[in-house]
Amino acid sequence: MEDALTRLGFGLLTGTAIAVPAVAMTLMWTSGRILNLAIGELVTLGAYVTYALWGIAPLPLVIAAAAAVPAVVACLMYAAVFRFLKGREVFVPLIASIGMAFMLNNLVIAVWGTGIERVAVPAALNASVRFGPFMATPLLLFLAAGAALVVAGVALLLYRTDFGLRARAASQHGDLAEVSGIAAFQVTLAVWALAGALAGLGGAALGISASVTPTLGATLLLIIAAAVVVGGLGSPAGAVLGALLVGVTTELSTIWVNAALKPAVAFVLMAVILLFRSGGLVRADLEPRHA
Amino acid sequence: MLELLWVSVALVGYFALLAIGLNVQQGLAGLSNFGIVGFFALGAYAMAVFTKDPAALSITETMFAALDLPFPLALLLTGLVGALVAWLLARILDASSLDPLFVAVLTLVFAEVLFLVFSTQKGVVNGFNGVRGIHRPLAGQVGGFAGYDRFLAILLLALGLLAAAGYRYLAATPYGRALRAMRDDPDAVEAFGYDIRHLRTGAFVLGSTVMVVAGALWPMLTTVVEPSAFRFEVTMLVWASLVVGGLGNALGPLIGAVLLVGLVQNGSRLIEASELSVRLVPLIKAGGIGLILILFVLLRPEGVWRERPRKLSNYRR
């Protein structure tokens, strides 16, 4: 039982690491039913920017850069490509996002090579800490708290500010929003910048706590997608819930299943949700489906 | 250098077959299969299991079965297994109301799960190291390594052309026309009394079986079946070949495979062989495949070779 609780704890921590990029993916989805598979590379970019500036610049600047660079790239993605693909068949934005992911991944490799890099963190932060059955390190707890803060900040932004109101209006019904005087394109661009920044911050956290390698984004991408789908496409709250659920489920599954198959567990969970509760757990995105 | 040419042609052949399979699914039936590499891997590993001689397994190799069957029988069984798996997957997809996005995501999940199981679980198909020493059919008759590469290249090319002709034929049959109609307007087709689920399942199974057969021929290239050959990049390249070459027609996948796989992959290999910086290679790939794909999606989504608009006069006798 204690073993299960330990894994549960790990699962929650993993979930918080996934939560921030999951919210980012949801934001991109709500802006136009765009499943942006390049978000994994935005995460990777955040991790590499963190690695590149670590120790060279003061910490706040490193974090800001890790958020800013992917934000700019995300804006470019939307303005140059995705904006023109609305209303096309489903596979078109998917293919475009795959193409962009491929481009970004190779650009990262061209700049930084294919090796595994690590960010040097003071050893004290990596010391194991116990709370009863739960095990963690100060670093992981700090990052989890940071993730919670970021998510809370985004929630405040979306639901308590004027900008958030306009963003939600633009995503739910762009034409109506335009007619009401909301500049849908600019607002959506801002949302994409936010999503890119969130992905970058997620990447920074992962880069600090794990290692920095070009495959970081690809491996994470489907886990993020699983979290978003499980929680419910279109709901940031759902994304967080989904992330926590995916984290907990995959960690608990290691009781029965080889650890290497953890991602498979997440995928199976995603498939089950898609088949039996296709709106996800928090149904915010119900549209009539083609039979 | 010339031997590499035959291997390149063979690679183009594999991708052409995969792209034609996808063309049946997406071009004819509108099904977005993102698990292409899963079927490809299934075919390759099934052949490994069916044809591997258990006596030839080294101590470190562990497979769940090695049946040492003759090639033609193994090929047939692989095709059947592939069709069965495709059918099962199609039934599962049916249950999700076949929203194209879900089809894409679920097929992707299928490929990833399969890849994880094959590449990490030791007792299934030897995990990370893969299966080696798979028997090549007709190896005795076709002298030497270089000779076999040429044989394989010609075989795949012939199969590719055959598949393209098959596609052309299928598209012209009433079944093919029903599929295309369903792709463009499912409600109308249903109103006419067609069973959409039947149509979709058939197209999905057919396309996937082509992919499985392509995979069954994969061990012939290097006698080795390794998980590293079955990454998502393969699925991406097939989609790119189809989108660039042209959806919904017989020639498009071939053109796409030649353009993307042939030119770009070999271009990067040429650069590797030359003195230019190693960092340039990923840039070429980024530009060559990624950028081209994006440009085509934006500016010429029909691909290089357009689907011919169907005129009623074509069908009058």
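All values reported here derive from a predicted model rather than from experimental measurement. By convention in this document, chain letters (A, B, ...) are assigned in the order of the sequence lines, proteins followed by strands, and residues within each chain are numbered from 1.
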Under 4.5 Å heavy-atom distance to chain A, tell me which part of [X] shows up: side chain, backbone, both or neither.
{"X": "B:Leu116", "result": "both"}
{"X": "B:Phe34", "result": "side chain"}
{"X": "B:Leu299", "result": "neither"}
{"X": "B:Phe296", "result": "neither"}
{"X": "B:Leu114", "result": "neither"}

Would you check if [X] and [Y] make a side-chain contact, meaning some heavy-atom pair closer than 4.5 Å?
{"X": "A:Phe91", "Y": "B:Trp239", "result": "yes"}
{"X": "A:Leu85", "Y": "B:Leu298", "result": "yes"}
{"X": "A:Leu94", "Y": "B:Leu101", "result": "yes"}

Nearest non-hydrogen partners of [X] and [Y], listed with the distance:
{"X": "A:Met270", "Y": "B:Val105", "value": "CE-CG1, 3.8 Å"}
{"X": "B:Val297", "Y": "A:Ala96", "value": "CG1-CB, 4.2 Å"}
{"X": "A:Gly99", "Y": "B:Leu293", "value": "CA-CD2, 3.9 Å"}

Approximate separation, where rounding is to 0.5 Å, of A:Asn105 CG and B:Glu233 CD: 8.0 Å
Rounded distance [0.5 Å steps], CE in A:Met103 versus CD1 in B:Ile294: 5.0 Å
Residue B:Leu84 excluded, over 12 heavy atoms near CG under 6.0 Å: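 Counting other residues, nucleotides and ligands, CG of B:Leu84 exceeds 12 neighbours.
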Flag if over 12 foreign heavy atoms under 6.0 Å of CZ, A:Phe84: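 Above 12, so yes.
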B:Val109 and A:Val268: CA distance, side-chain angles, deciding distance, side chain to side chain contact (heavy atoms under 4.5 Å, CB included) verdict: CA-CA 8 Å; B:Val109 163; A:Val268 169; 5.9 Å; no
Checking heavy atoms, do the side chain of [X], its backbone, both or neither come under 4.5 Å from chain B?
{"X": "A:Ile98", "result": "both"}
{"X": "A:Ile95", "result": "both"}
{"X": "A:Ala80", "result": "backbone"}

B:Thr120 and A:Asn258: CA distance, side-chain angles, deciding distance, side chain to side chain contact (heavy atoms under 4.5 Å, CB included) verdict: CA-CA 9 Å; B:Thr120 61; A:Asn258 191 325; 5.8 Å; no
